[in-house]
Amino acid sequence: QVQLVESGGGLAQPGGSLRLSCAASKFTLDYFTIGWFRQAPGKEREGVSCISSNDDDTYYSDSVKGRFTLSRDNAKNTVYLQMNSLEPEDTGVYYCAAGMFTPVQNMCHSDRGVDYRGKGTRVTVSS
């Protein structure tokens, strides 16, 4: 079954760190733009970070720029989101998504061009 599976969520204190993983099953991520989205309680889903299929274009939302880093390991068919200096506003369900050759801006700004989406992992930032 083709799927994306997120892991690594949990409870973190403000200022702490978490690393989310997104593993692809039954397809290779090599040709896919990958994005991380989050949905906070009572809010719409937003694009947090996206990276192009050849890693030459990366997007971070203003709210996470300088704190989050997206990377991919094609050998492991996995994408990571390193989240540092966490804030309570980072609380939400984080989803990864993949779209074949989707422009980064289309995916992260407009949530378009998504072929596969994971079921999400919950992140709670609280003291």
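For Gln105, the side-chain hydrogen bond (donor to acceptor under 3.5 Å, both in side chains) partners are His109, not counting sequence neighbours. Annotation: side-chain hydrogen bond (donor to acceptor under 3.5 Å, both in side chains) contacts of Arg122 (sequence neighbours excluded): none. By the salt bridge (charged side-chain N to carboxylate O under 4.0 Å, His left out) test, Asp55 is found to be paired with Arg72, residues two or more places apart in sequence or in another chain being considered. Taking Ser52 as the reference, Asn54, Asp56 meet the side-chain hydrogen bond (donor to acceptor under 3.5 Å, both in side chains) condition, with sequence neighbours excluded. Every residue meeting the salt bridge (charged side-chain N to carboxylate O under 4.0 Å, His left out) condition with Glu87, not counting sequence neighbours, appears here in chain and number order: Arg67.
What you find for Gly9 and Thr121 is that their closest heavy atoms are N-OG1, 3.2 Å. Met107 approaches Gly99 most closely through the heavy-atom pair CE-N, 3.4 Å. Ser61 and Gly47 make their closest contact through CB-O, 3.7 Å (heavy atoms, listed as atom of the first residue, atom of the second, distance). The nearest pair of heavy atoms linking Ser127 to Pro14 is N-CD, 3.7 Å. A pairwise comparison of heavy atoms in Val114 and Ala97 identifies CG1-CB, 3.8 Å as the closest pair. Here the closest heavy-atom approach between residue Leu70 and residue Ile34 is recorded as CD1-O, 4.3 Å.
Contact annotation: the side chain of Thr33 never approaches that of Asp57 to less than 4.5 Å [non-hydrogen atoms, C-beta and beyond]. Two residues are said to be in side-chain contact when any heavy atoms from C-beta on lie closer than 4.5 Å; Asp90 and Leu18 fail this criterion.
Counting only residues at least two apart or on different chains, the side chain to side chain donor-acceptor pair (under 3.5 Å) pairs with a member in residues 11-28 are Ser17-Asn84, Thr28-Asp30. For residues 1-13, the set of pairs meeting the salt bridge (Lys or Arg N to Asp or Glu O under 4.0 Å) definition, not counting sequence neighbours, is empty. Listed by first and then second residue, the disulfide bond (SG atoms under 2.5 Å apart) pairs that reach into residues 98-127 are Cys50-Cys108, sequence neighbours excluded. A side chain to side chain donor-acceptor pair (under 3.5 Å) check over residues 39-50, counting only residues at least two apart or in different chains, returns the pairs Arg38-Glu46, Arg45-Asp111. Evaluation of the ring pair (Phe, Tyr, Trp, His ring centres under 6.0 Å) test over residues 60-83, restricted to residues two or more places apart or in two chains, returns none. Applying the disulfide bond (SG atoms under 2.5 Å apart) test to residues at least two apart or on different chains, the pairs with a partner in residues 66-105 are Cys22-Cys96.
For the atom pair CH2 (Trp36) and CG (Leu20), the distance works out to 4.5 Å, reported to the nearest 0.5 Å. Of the inter-residue distances, the one linking Thr78 atom OG1 with Asp73 atom CG reads 6.5 Å to the nearest 0.5 angstrom.
No continuous path of ILVMFWY side-chain contacts below 4.5 Å connects Val93 to Val5, so the two sit in separate hydrophobic clusters. If you chain together hydrophobic residues whose side chains sit under 4.5 Å apart, Val2 and Tyr95 never meet in one group. Put simply, Leu29 and Phe37 are part of two different groups of oily side chains (I, L, V, M, F, W, Y) that touch within less than 4.5 Å, one to the next. Leu11 and Met83 fall into different hydrophobic clusters, where Ile, Leu, Val, Met, Phe, Trp and Tyr residues are linked whenever their side-chain heavy atoms come under 4.5 Å apart, directly or through other members.
Ring-plane geometry between Tyr116 and Phe32 is classed as tilted, the angle between the planes lying from 30 to 60 degrees on a 0 to 90 degree scale.
Panel note: side chain Asn77, backbone Phe27; a donor-acceptor pair is recorded below 3.5 Å. Judged by distance alone, with hydrogens and angles left aside, the side-chain atoms of Thr124 form no donor-acceptor pair with the main-chain N or O of Thr91 at under 3.5 Å.
Other residues, nucleotides and ligands contribute at most 12 non-hydrogen atoms within 6.0 Å of the OH atom of Tyr31.
Other members of the cluster containing Tyr59 are Val104, with ILVMFWY side chains joined at under 4.5 Å, either directly or via other members.
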